[in-house]
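Letters go in sequence order (proteins before strands), and every chain restarts at 1. Keep in mind the model is a prediction, meaning the values are calculated, not measured.
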2 protein chains.
Amino acid sequence: MRTVKPAEERKSEILDVAEQLFAAKGFDNTSTNDIINAIGIARGTLYHHFKSKEEILDAVISRITEALMRQAEAIATDKSIPLLERLTKTVMSLNVESQIGDEVKLQVHKPQNALLHQKMHQQLIGGVVPIVAALIDEGCREGIFSTPYPTEAVEMVMIYSNIAFDELEELGSEERVQRIQAFIYHTERIMGAEEGLLQEPISKIFSI
Amino acid sequence: MRTVKPAEERKSEILDVAEQLFAAKGFDNTSTNDIINAIGIARGTLYHHFKSKEEILDAVISRITEALMRQAEAIATDKSIPLLERLTKTVMSLNVESQIGDEVKLQVHKPQNALLHQKMHQQLIGGVVPIVAALIDEGCREGIFSTPYPTEAVEMVMIYSNIAFDELEELGSEERVQRIQAFIYHTERIMGAEEGLLQEPISKIFSI
DNA sequence: TCCGCCAAGACCGACAACCTGTCGGTTAGT
DNA sequence: ACTAACCGACAGGTTGTCGGTCTTGGCGGA
């Protein structure tokens with residue numbers, strides 16, 4: 001007996017399973033057969049709801065990044081929190097790893113998932129940069145930051161950290177610290193902040 | 001009648017064709033059949049020399065990046081050129097686009113080539129950062145730069161530019177200029193250079 | 001010096017085992 | 001009964017494998 005579900009429900013069922021499989025085995029190593037078998041639907045059903053495997057990937061990524069960004073925006077605009085703390089919390093809320101579990105964390109960086117990684121990175125950066133840039137702007141008016149190009153400054157810092165800290169775990173602990181210290185130092189320079197201003201906030205982000 | 005060639009010759013023949021096809025159609029859209037048909041060899045021959053399609057990709061990338069890096073290093077260590085100019089030329093020599101033709105330039109950024117892009121990026125960054133960092137170090141001793149973390153500074157600037165300027169062509173010309181100006185400004189800040197020092201060199205790199 | 005032999009390894013192409021996406025037909029709800 | 005969710009066989013493609021074939025260069029014997 002076949003089970004019929006409203007399209008939206010079936011779609012999100014597919015996305016749930018796909019997300020979990022992509023996380024567990026990587027995008028390239030997950031076949032559409034894996035997905036339909038895990039759910040117990042037929043090939044045609046999958047393609048009735050999504051027109052290609054890549055569209056599934058896009059939907060999975062959108063779901064994740066949209067959730068992250070809603071959350072980040074909520075924090076970023078909460079004026080009851082002091083600016084610097086708000087900045088910290090906003091950035092921390094984007095820590096993909098904390099959101100979608102450890103499996104993804106491992107998978108995202110593997111070569112097989114270059115596409116997933118790239119798409120996720122693009123969407124996240126695109127959505128988040130304006131949010132954070134607004135905070136930096138606010139900081140400029142407060143006088144703790146100073147940059148004529150807040151958007152580009154944020155872009156630079158975020159792109160770098162997203163790429164460079166991909167393989168942070170693989171480093172020895174002393175090199176790890178060195179990299180983070182350098183990152184703090186350079187971020188302060190880019191943002192035109194007083195030396196040391198970001199020491200404590202960024203350390204917290206990296207949970208040292 | 002079958003043609004027999006020494007392994008090295010056949011290998012590089014395969015790499016030549018593969019490089020050209022990857023450049024023309026992208027990695028994912030190039031099948032191993034495309035490669036063997038273009039050369040006129042059999043399936044088994046290809047797999048006699050390379051154990052997988054990905055190994056071919058790796059070899060293609062290595063060939064390109066190694067050539068680029070030899071060239072960059074030659075320039076970077078040529079003490080007869082003034083430091084700033086040497087820096088400019090070193091970075092310009094890495095402009096992948098100038099090396100492997102316009103096709104690659106278009107292809108490298110397409111989503112299908114996420115893997116190619118990522119691998120190339122990693123290899124290039126890994127090899128080039130130390131070369132350029134040495135130049136920055138020299139600049140610090142000369143007094144035109146000042147940073148306690150030359151390696152990380154270079155890493156930050158190079159990673160960012162490699163990612164952020166991927167889609168530079170798609171931008172409107174005024175936003176393009178803004179981005180480049182911002183990049184110059186932030187690079188100066190990171191390197192601890194006097195404002196304006198890099199204006200002319202970096203403009204040249206972007207061929208404005 | 002020449003010849004025949006032989007092993008190594010370059011080469012071949014059929015084939016297995018996947019994969020994605022399509023399409024006509026079926027069935028459940030409203 | 002009509003819409004839309006669902007089905008599964010199938011076409012057309014892919015990568016990688018494997019047993020067998022052909023070339024070639026070196027070597028031993030005449």
Checklist entry - Taking the side chain of A:Ala42 as heavy atoms from C-beta outward, which of D:dT15, D:dC7, C:dC11 is closest to it? => result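 Nearest to the side-chain atoms of A:Ala42, counting from C-beta on, is D:dC7.
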
Grab the [atom1]-[atom2] distance between [X] and [N] for me, whole Å please.
{"X": "A:Asp28", "N": "D:dT14", "atom1": "CG", "atom2": "P", "value": "16 Å"}
{"X": "B:Tyr47", "N": "C:dA14", "atom1": "OH", "atom2": "P", "value": "17 Å"}
{"X": "B:Arg43", "N": "D:dT17", "atom1": "CZ", "atom2": "P", "value": "10 Å"}
{"X": "B:Ile14", "N": "D:dG16", "atom1": "CD1", "atom2": "P", "value": "14 Å"}
{"X": "A:Leu57", "N": "C:dG21", "atom1": "CG", "atom2": "P", "value": "12 Å"}
{"X": "B:Ile36", "N": "D:dT15", "atom1": "CD1", "atom2": "P", "value": "9 Å"}
{"X": "A:His48", "N": "C:dA28", "atom1": "NE2", "atom2": "P", "value": "16 Å"}
{"X": "B:Arg10", "N": "C:dC12", "atom1": "CZ", "atom2": "P", "value": "6 Å"}

Next on the checklist: Check B:Lys5 with B:Glu13, please: is the shortest side-chain N to carboxylate O separation under 4.0 Å?
Outcome noted: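 Looking at B:Lys5 together with B:Glu13, the answer is yes, because their closest N to O distance falls below 4.0 Å.
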
Item to check | Carboxylate-amine/guanidinium proximity below 4.0 Å for A:Arg86 and A:Asp78 | outcome: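 A:Asp78 and A:Arg86: not salt-bridged.
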
Item to check | B:Asp34 versus B:Thr30, closest heavy-atom pair with distance | outcome: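 Closest pair (atom of B:Asp34, atom of B:Thr30, distance): OD2-CA, 3.7 Å.
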
Checklist entry - When we call it a touch if two heavy atoms are under 4.0 Å apart, what does B:Ile41 touch: a base, just sugar-phosphate, or nothing? => result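 Answer is sugar-phosphate: B:Ile41 comes under 4.0 Å of backbone atoms only.
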
If the cut-off is 4.0 Å, is [X] near the phosphate of [N], judged by side-chain N/O to OP1 or OP2?
{"X": "A:Thr32", "N": "C:dT20", "result": "yes"}
{"X": "B:Arg2", "N": "C:dA10", "result": "no"}
{"X": "B:Asn33", "N": "D:dT14", "result": "yes"}

Checklist entry - Where do A:Arg43 and A:Asn33 land on the side chain to side chain contact (heavy atoms under 4.5 Å, CB included) test, with the steps shown first? => result CA-CA 7 Å; A:Arg43 204 148 186 70; A:Asn33 282 325; 3.2 Å; yes

Checklist entry - Taking the nucleotide of DNA chain D with the closest heavy atom to each, which residue, B:Lys53 or B:Val4, is nearer the 5' end? => result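 Of the two residues, B:Lys53 wins.
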
Item to check | Ring-face cation contact, A:Phe27 with A:Lys53, 6.0 Å cut, 45° max | outcome: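 Yes, cation above the ring, under 6.0 Å and within 45°.
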
